[in-house]
Amino acid sequence: MTYLHNIGAYFLMIKDMFRKPTKWSVMRDLIFKDIDDLIIGSLGIVAFISFFVGGVVTIQTALNITSPIIPKYLVGFATRQSIILEFAPTFISIIMAGKVGSFITSSIGTMRVTEQIDALEVMGINAVNYLVFPKFIALMLYPFVISIAMFLGIIGGMAACIYGGFSTVDDYITGIQLDFIPFHITYAFIKTFVFAFVLATIPSFHGYYMKGGALEVGKASTTAFVWTSVVIILLNYVLTQLLLSS
Amino acid sequence: MIEVKNIHKSFGDAHILKGISTTFEKGKTSLVIGQSGSGKTVFLKCLLGLFQPEEGSILYDGSIYSEMNTDQKRHLRSEIGMVFQGSALFDSMTILENVMFPLRMFTKQSKSEMEDRADFVLKRVNLEDAHNKMPSEASGGMQKRVAIARAIVNKPKYLFCDEPNSGLDPKTAIVIDNLIQEITEEYNITTVINSHDMNSVMEIGEKIVFLKDGLKAWEGSKENIFKTDNEVVTDFVYSSELFKKVRQMYLEERH
């Protein structure tokens with residue numbers, strides 16, 4: 001029953017997010033602030049992880065290709081496919097669920113604990129729109145982060161290839177251009193937009209409806225991370241089935 | 001003026017407010033007092049429209065809150081100032097931005113007009129050099145004064161304060177009490193304060209409503225509270241030896 005209640009409350013929160021909009025001049029500032037906090041603030045960690053995981057994917061692929069009849073350019077091909085299809089959109093989203101999700105839950109949860117949300121409501125402000133909508137809009141720039149993750153993942157793979165001596169630059173570049181299907185990029189970005197919505201709303205829900213004090217803010221952040229990850233993994237499966245299996 | 005007529009509020013099986021009626025007049029500081037669990041906070045949240053009573057009605061200057069449409073309720077909310085127990089300042093904004101916030105949300109003033117108004121009310125609460133501080137850098141007393149400044153910046157008709165003295169030393173508490181009373185008289189607003197601080201009762205209680213177990217057990221002024229022989233009130237108000245002596249002296253003086 002609790003799960004059903006929470007799912008219902010979540011969808012009501014989504015509805016409230018679009019009701020009674022906050023004055024545009026205030027909303028604009030909130031959106032810019034959230035772009036800075038959620039998107040710009042995540043670029044460093046995303047770039048670091050993407051570069052090195054791209055390298056690891058390349059090394060693992062190269063080390064597992066033992067047959068001499070398999071061409072070396074397949075290392076680049078496998079790296080590109082892994083990064084564009086799964087690593088950048090899904091793996092990075094799980095990391096963002098930890099980084100951005102816990103930030104959203106704890107900041108909104110702290111506002112709940114310290115009566116700041118009550119203060120907004122007493123003033124007649126739609127607190128859900130004020131707090132969640134700018135995060136939702138800011139995370140619509142999430143595909144930009146994922147593009148950087150894709151690019152740096154492939155560059156990281158190339159660096160690992162060169163410095164590890166697994167294949168030549170020419171082979172790697174041939175591999176990443178081999179049998180390129182543009183729809184795979186579309187598929188990756190469709191997933192990214194869906195995950196961005198999940199990243200903005202599930203942590204906000206856990207922060208907004210939390211009860212208790214500082215300890216509960218920590219618990220809500222953990223719960224938000226778990227549920228955001230679970231929903232991302234489930235939606236990843238559903239979207240892959242829908243978009244790639246036809 | 002706020003009129004409360006026979007309001008009832010329950011949560012599940014717990015009947016919290018059991019038919020409270022009273023009136024809070026314009027330009028006067030009214031206090032709602034009572035022990036913890038007496039229903040003070042629920043009563044205040046009903047007045048603020050955060051809880052909807054199951055029975056009874058609340059009238060703001062003659063208009064019944066529950067019969068207002070969304071726009072009327074929104075307009076009324078913009079005329080309400082609220083000072084929360086923990087100040088509830090927005091911790092991502094400076095003190096000046098906190099005070100300007102209601103103006104940014106509800107007026108079409110230019111930035112310089114808003115700054116002038118915020119500056120004026122900050123001076124009114126004796127905070128002249130704190131504009132660019134963050135709330136976390138301000139003391140408890142300063143935070144309360146900023147909360148009062150934010151509550152009055154948009155010239156509200158109604159001011160609500162939930163235990164404005166909690167966590168403050170007695171001297172600062174008196175400063176805050178007097179400030180609220182001065183502002184109430186100066187701007188001719190209807191002020192309702194939730195409190196269990198007896199110093200506040202004696203200092204600024206122009207009207208006192210005493211709640212016990214969700215019922216109005218007594219109401220009167222700070223002068224009347226010395227004279228009352230209502231045991232429920234005297235047990236609560238004169239629970240400390242100091243207040244017992246103050247009352248005794250007051251009664252002896254009168255005789």
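In what follows, chains carry the letters A, B, and so on, assigned in the order in which the sequence lines appear, proteins first and then strands, with residues in each chain numbered from 1.
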| query | Is the number of heavy atoms from other residues, nucleotides or ligands under 6.0 Å of B/K28 NZ greater than 12? | reply | no

| request: Run the ring-centre check on B/F101 versus A/Y130 and record whether the distance is less than 6.0 Å. | output: yes

| task | Tell me, for B/Q85 versus chain A, whether the close heavy atoms (under 4.5 Å) come from the side chain, the backbone, both or neither. | result | both

| said: One thing to verify: whether A/K191 and A/E86 come together as a salt bridge, which I'm taking to mean a side-chain N less than 4.0 angstrom from a carboxylate O. | reply: yes

| Portion of A/D29 that has a non-hydrogen atom of chain B nearer than 4.5 angstrom | side chain

| Under 6.0 Å between ring centres, would you say that holds for B/F24 and B/F160? | no

| With a 4.5 Å heavy-atom cut-off, do A/I14 and A/F136 have their side chains touching? | no

| message | Need one label for B/L89: side chain, backbone, both or neither, based on atoms under 4.5 Å from any heavy atom in chain A. | response | backbone

| field | Pairs of heavy atoms under 4.5 Å with chain B: top-ranked of A/T114, A/T110, A/V122 | value | A/V122

| remark: Counting heavy-atom pairs under 4.5 angstrom with chain B, the leader among A/Q116, A/E115, A/K23 is A/Q116

| field | A/F48 and A/F52: CA distance, side-chain angles, deciding distance, ring pair (Phe, Tyr, Trp, His ring centres under 6.0 Å) verdict | value | CA-CA 6 Å; A/F48 177 78; A/F52 284 99; 5.1 Å; yes

| note | Looking only at B/T70, B/D91, B/L48, most heavy-atom pairs under 4.5 Å shared with chain A are made by B/D91

| note | Most contact-rich option vs chain A, by heavy-atom pairs under 4.5 angstrom, among B/N154, B/L50, B/I80, is B/L50

